[in-house]
Amino acid sequence: MRLSIWKINRNFRWSKGMPRTTGTIIFDCVFIAMTAAVWGVIIWLISRAPGIVPTHFGVSGQPDAWGSPTHHLIPFIIITVVALAAVVGAYFPQSALNIPGYNQKEATPRQNELGAWLMRILAVFMLVLILTIALSIFVLTSHSVVPVISVIGVMLVVCIVFSVLMYKAK
């Protein structure tokens, strides 16, 4: 069996996974482009950053540790890997989600679809989170953790809304 990246099999389905549709293929392509753009901005910001930037924020929201801009690469890489795993995991929502009221064995197709889109949306917000962290540290002169907490708050609201939608989609 010969695999070709140029032919799209719209009926492709991993074992017990969600089928690929035109919408998911477009999302995957846009997500990869977004990931590349975010990393381009991060590398550009790090190259222009001063030698010492905040590396940790205390309870008050003000920086309490300083260091090299490259110290932020490891958390950025970890968040990117988790975002990529969420996009891949969107094809397996029945094994990737653990939400009360979402019975993995008896989930309806609508619940699986909502679970898959929840994971895709959270992956996009993870890229937004990386960009927000980078801009807060490397661009803003008054360093604050408020923009980062705002993005995390939106991610939490998205999780709650999708959990309710999945629960009601029986």
Side-chain angles (χ1 to χ4, degrees), residues 5 12-21 23-47 49 53-59 61 63 65 67-102 104 107 111-140 143-167:
I5 61 172
F12 176 77
R13 179 187 288 247
W14 281 301
S15 173
K16 298 182 183 178
M18 299 282 291
R20 292 186 71 168
T21 63
T24 60
I25 292 169
I26 291 170
F27 177 87
D28 292 345
C29 293
V30 170
F31 182 79
I32 295 298
M34 284 178 57
T35 304
V38 165
W39 272 95
V41 169
I42 287 171
I43 291 169
W44 179 71
L45 288 174
I46 287 176
S47 70
V53 295
T55 57
H56 186 268
F57 292 85
V59 177
S68 168
T70 57
H71 286 136
H72 294 286
L73 286 176
I74 293 175
F76 292 162
I77 291 170
I78 291 170
I79 295 171
T80 303
V81 168
V82 171
L84 292 169
V87 170
V88 171
Y91 290 102
F92 309 96
Q94 64 275 14
S95 60
L97 296 173
N98 187 11
I99 299 174
Y102 176 75
Q104 296 171 350
Q111 287 176 318
N112 282 334
E113 183 182 356
L114 286 168
W117 280 106
L118 167 63
M119 295 176 71
R120 289 181 183 106
I121 291 170
L122 287 178
V124 170
F125 273 107
M126 286 182 215
L127 294 180
V128 171
L129 179 64
I130 294 170
L131 197 56
T132 304
I133 293 169
L135 292 173
S136 310
I137 292 170
F138 302 132
V139 174
L140 297 179
H143 303 290
S144 173
V145 76
V146 173
V148 175
I149 291 176
S150 301
V151 172
I152 293 171
V154 171
M155 290 173 75
L156 181 62
V157 169
V158 166
C159 287
I160 292 169
V161 168
F162 269 85
S163 296
V164 169
L165 289 173
M166 288 171 64
Y167 181 75

Calculate, to the nearest 0.5 Å, the distance between atoms CZ and CD1 belonging to F27 and I121 respectively. 7.5 Å

Enter the distance from F76:CZ to T70:OG1 here, rounded to the nearest 0.5 Å. 11.0 Å

Could you go step by step and tell me if V87 and M119 meet the side-chain contact (heavy atoms from CB on, under 4.5 Å) rule? CA-CA 6 Å; V87 170; M119 295 176 71; over 6 Å; no

Could you walk me through whether I46 and L73 satisfy the side-chain contact (heavy atoms from CB on, under 4.5 Å) test, starting with their C-alpha distance in whole Å, then the side-chain angles of each, then the deciding distance to 0.1 Å, before giving a yes or no? CA-CA 9 Å; I46 287 176; L73 286 176; 3.5 Å; yes

Report yes if the side chains of D28 and I32 come closer than 4.5 Å at any heavy-atom pair, otherwise no. no

Side chains of P147 and L135 in contact at under 4.5 Å (non-hydrogen atoms): no

Looking at CH2 of W39 and CD1 of I130, how far apart are the two atoms once the value is rounded to the nearest 0.5 Å? 6.5 Å

Roughly how far, to the nearest 0.5 Å, is the CD1 atom of I79 from the CG atom of L84? 12.0 Å

If you round to the nearest 0.5 Å, how far is CE of M155 from CG of L118? 9.5 Å

Between M126 and T80, is there a side-chain heavy-atom distance shorter than 4.5 Å? no

Using a 6.0 Å distance limit plus a 45 degree cone around the ring axis, check whether R120 lies over the aromatic ring of Y91. yes

Would you indicate whether L156, at its atom CG, is surrounded by more than 12 heavy atoms from other residues, nucleotides or ligands within a distance under 6.0 Å? yes

What is the minimum heavy-atom distance between A90 and A116, and which atoms define it? O-CB, 3.1 Å

Look at the side chain of H72 and the backbone N and O of P69, then say whether any donor-acceptor pair between them is shorter than 3.5 Å. no

If you round to the nearest 0.5 Å, how far is CD1 of I137 from OG1 of T132? 10.5 Å

